[in-house]
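Written below as structure tokens is the structure these notes are about.
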Amino acid sequence: MKADLHVHSRYSDGADSVREVLQRAAEAGITHLSFVDHDTTDALEEALALGEEYGVTVIPGIEISAYDFKRNRKVHMLGYNYGSDARHLRALCRPLLERRHRHTLEQAEKIRETGLRLDEEQVLAMVPEGGIVYKQHLMDLLTAQPFESADYQQLYRALFKDGGPASGDIRYIDVFDAVRAIKADGGFAVIAHPGQLDSYGLIPELAAAGLDGIERHHPDHTSEDHERVDRLAAEFSLFTTGGSDFHGRYGTPVELGEFTSPDNPLLMSCKHS
């Protein structure tokens with residue numbers, strides 16, 4: 001059994017289509033895959049159908065852009081194996097997607113004001129399957145340099161970070177509301193890459209609110225993160241997950257990952273209804 005429970009597609013900020021990702025997964029011998037596109041479940045129907053075509057079991061997934069208002073920091077919440085209608089998740093996330101789309105178009109306008117060429121029609125033409133424009137799409141129009149290059153990273157920081165013309169962010173979803181929505185739709189709630197976002201202090205509170213698991217295996221996690229996740233998982237009776245956080249050329253170059261755990265409930269029982 002080989003699984004990658006954290007991949008992105010063109011339904012959010014991934015560069016590749018669902019079919020392209022599943023083809024790569026099948027070639028890599030992956031048996032279980034979860035698309036956790038940001039704040040949307042729209043890829044699920046296509047992913048399930050194509051998963052059957054490629055012989056890959058697709059586990060319903062989502063990555064919610066949440067916020068820990070107590071500690072004033074971002075926290076990403078993964079939801080898995082929810083019911084196909086995902087009524088609560090859709091209701092919670094739709095306003096955030098609309099805010100993100102408006103905000104990115106506003107960022108494009110601010111970038112144009114600096115003199116960089118960023119035609120509005122080009123921007124709108126970049127809208128992927130999910131219908132939402134992301135910063136990654138603006139960068140795709142601004143530079144041909146690869147994501148990991150110094151030139152790309154320098155331009156990204158100059159525009160979107162440290163007071164750049166397109167800096168600033170939208171209001172995210174309260175992390176406890178995210179957990180409640182996942183559970184209301186019958187899913188498993190898993191905190192994403194706590195080492196990347198320093199979300200460890202929140203885990204005891206989330207466990208009391210219904211958290212099911214912690215993402216252990218992630219490209220940004222160190223051996224120290226693995227040990228810390230293992231301790232917390234044991235203390236609060238949580239399972240662990242993992243994945244590559246694959247974004248294609250819109251992210252750090254990674255291969256679709258392998259995460260094997262026969263005791264993981266996501267891999268033991270995959271419902272699609």
Side-chain angles (χ1 to χ4, degrees), residues 3-8 12-14 32-40 59-82 89 92-93 96 161 169-183 185 187-247 250-252 254-261 263-267:
D4 191 325
L5 302 180
H6 194 144
V7 301
H8 296 273
S12 64
D13 61 347
H32 294 70
L33 192 78
S34 187
F35 290 92
V36 292
D37 282 308
H38 292 282
D39 312 308
T40 180
I59 299 171
I62 188 173
E63 184 171 15
I64 299 176
S65 306
Y67 206 79
D68 177 1
F69 288 97
K70 179 178 178 180
R71 295 166 182 82
N72 195 33
R73 65 183 59 177
K74 293 179 182 178
V75 53
H76 288 186
M77 184 59 53
L78 297 162
Y80 292 107
N81 223 19
Y82 46 77
L89 287 168
L92 181 70
C93 291
L96 184 144
K161 302 292 184 180
D169 218 332
I170 60 174
R171 179 180 175 86
Y172 290 109
I173 292 167
D174 185 286
V175 65
F176 293 97
D177 289 339
V179 171
R180 282 189 284 269
I182 293 166
K183 305 297 285 187
D185 283 331
F188 293 95
V190 175
I191 190 168
H193 41 66
Q196 182 195 76
L197 296 178
D198 191 17
S199 307
Y200 289 114
L202 178 62
I203 289 175
E205 297 171 36
L206 289 178
L211 185 71
D212 297 294
I214 310 173
E215 186 172 52
R216 180 183 191 270
H217 302 281
H218 184 274
D220 289 341
H221 276 188
T222 64
S223 58
E224 289 80 9
D225 287 309
H226 294 163
E227 294 173 3
R228 194 167 184 181
V229 169
D230 289 342
R231 289 195 301 269
L232 286 163
E235 180 178 357
F236 295 102
S237 300
L238 306 171
F239 63 80
T240 60
T241 70
S244 62
D245 207 351
F246 178 81
H247 286 76
Y250 286 171
T252 301
V254 292
E255 295 299 322
L256 290 177
E258 178 181 345
F259 169 69
T260 305
S261 175
D263 297 326
N264 188 295
L266 303 179
L267 308 184

request  = Evaluate side chain to side chain contact (heavy atoms under 4.5 Å, CB included) for C93 paired with I173, printing each intermediate quantity in order.
outcome  = CA-CA 8 Å; C93 291; I173 292 167; 4.0 Å; yes

task = Give the minimum heavy-atom separation between A66 and A178, together with the two atoms involved.
result = CB-CB, 4.5 Å

query = Is the backbone N or O of E224 less than 3.5 Å from a side-chain atom of T222, with the two atoms forming a donor-acceptor pair by type?
reply = yes

note = ring pair (Phe, Tyr, Trp, His ring centres under 6.0 Å) with H226: of H193, H218, H217, only one passes, and it is H217

ask   = Minimum heavy-atom separation for P219 to G243, with atom names?
value = CD-O, 3.6 Å

task = Taking D174 for its side chain and F176 for its backbone only, find out whether a donor-acceptor pair lies under 3.5 Å.
result = yes

inquiry  = Looking at every non-hydrogen atom in both residues, tell me the closest pair between G14 and Y250 and how far apart they are.
reply    = C-CD1, 3.7 Å

remark   = For R216 and D230, the nearest pair of non-hydrogen atoms, with its separation, is NE-OD1, 2.8 Å

request  = Evaluate side chain to side chain contact (heavy atoms under 4.5 Å, CB included) for I203 paired with L238, printing each intermediate quantity in order.
outcome  = CA-CA 10 Å; I203 289 175; L238 306 171; 4.1 Å; yes

query = Are L89 and I182 side-chain neighbours, meaning at least one heavy-atom pair lies under 4.5 Å?
reply = yes

remark   = To the nearest 0.5 Å, atom CD1 of I214 lies from atom CD1 of I191 at 7.5 Å

ask   = Do P265 and N81 have side chains that get closer than 4.5 Å, going by heavy atoms?
value = no

query = Which value, rounded to the nearest 0.5 Å, describes the distance between I59 atom CD1 and L33 atom CG?
reply = 8.5 Å

key: Under 3.5 Å donor-acceptor, D212 side chain and V190 backbone   = no

inquiry  = Please verify the inter-ring angle class for F188 with F239; under 30° counts as parallel, over 60° as perpendicular, anything in between as tilted.
reply    = perpendicular

query = Between D68 (side chain) and R73 (backbone), is there a donor-acceptor pair under 3.5 Å?
reply = no

task = Drop me the distance from D13's CG to H247's NE2, to the nearest 0.5 angstrom.
result = 3.5 Å

query = Does any non-hydrogen side-chain atom of Y172 lie less than 4.5 Å from one of V75?
reply = no

inquiry  = Side chains of M77 and L211, heavy atoms from C-beta outward: is any pair under 4.5 Å?
reply    = yes

Side chains of I64 and D39 in contact at under 4.5 Å (non-hydrogen atoms) = yes

ask   = Is the closest side-chain donor-acceptor distance between H76 and E215 under 3.5 Å?
value = no

query = If you measure from CG on D245 to CG on L5, what distance do you get to the nearest 0.5 Å?
reply = 12.0 Å

ask   = Does H221 reach the side chain of P194, with side-chain heavy atoms less than 4.5 Å apart?
value = yes

Heavy-atom check, side chain of L206 versus side chain of V175, under 4.5 Å = yes

task = May I ask you to check whether over 12 heavy atoms, not counting those of R171, lie within 6.0 Å of atom CZ?
result = no

inquiry  = If you apply the rule salt bridge (Lys or Arg N to Asp or Glu O under 4.0 Å), what do you find for R71 with D198, and how did you get there?
reply    = CA-CA 10 Å; R71 295 166 182 82; D198 191 17; over 6 Å; no

request  = Please report the C-alpha distance between E63 and H6 in whole Å, then the side-chain angles of each, then the deciding distance to 0.1 Å, and finally whether the side chain to side chain contact (heavy atoms under 4.5 Å, CB included) criterion is met.
outcome  = CA-CA 9 Å; E63 184 171 15; H6 194 144; 3.1 Å; yes

inquiry  = In terms of relative ring orientation, are H38 and H8 parallel, tilted or perpendicular, with 30° and 60° separating the classes?
reply    = parallel

query = Within the side chain of D220, is there an N or O that forms a donor-acceptor pair under 3.5 Å with the backbone of Q196?
reply = no

message = Pair R228, D225 - check salt bridge (Lys or Arg N to Asp or Glu O under 4.0 Å), show working.
response = CA-CA 5 Å; R228 194 167 184 181; D225 287 309; 5.9 Å; no

request  = Grab the two heavy atoms, one from V254 and one from S244, that are nearest each other, plus how far apart they are.
outcome  = CG2-O, 3.7 Å

query = What are the two closest heavy atoms between L92 and D177, and how far apart are they?
reply = CD2-O, 3.7 Å

inquiry  = Can you tell me how far apart CG (L78) and OG (S34) are? Round to the nearest 0.5 Å.
reply    = 8.0 Å

request  = Applying side chain to side chain contact (heavy atoms under 4.5 Å, CB included), run through L202 and K70 and close with a yes or a no.
outcome  = CA-CA 9 Å; L202 178 62; K70 179 178 178 180; over 6 Å; no

task = Would you check if N72 and Y67 make a side-chain contact, meaning some heavy-atom pair closer than 4.5 Å?
result = yes

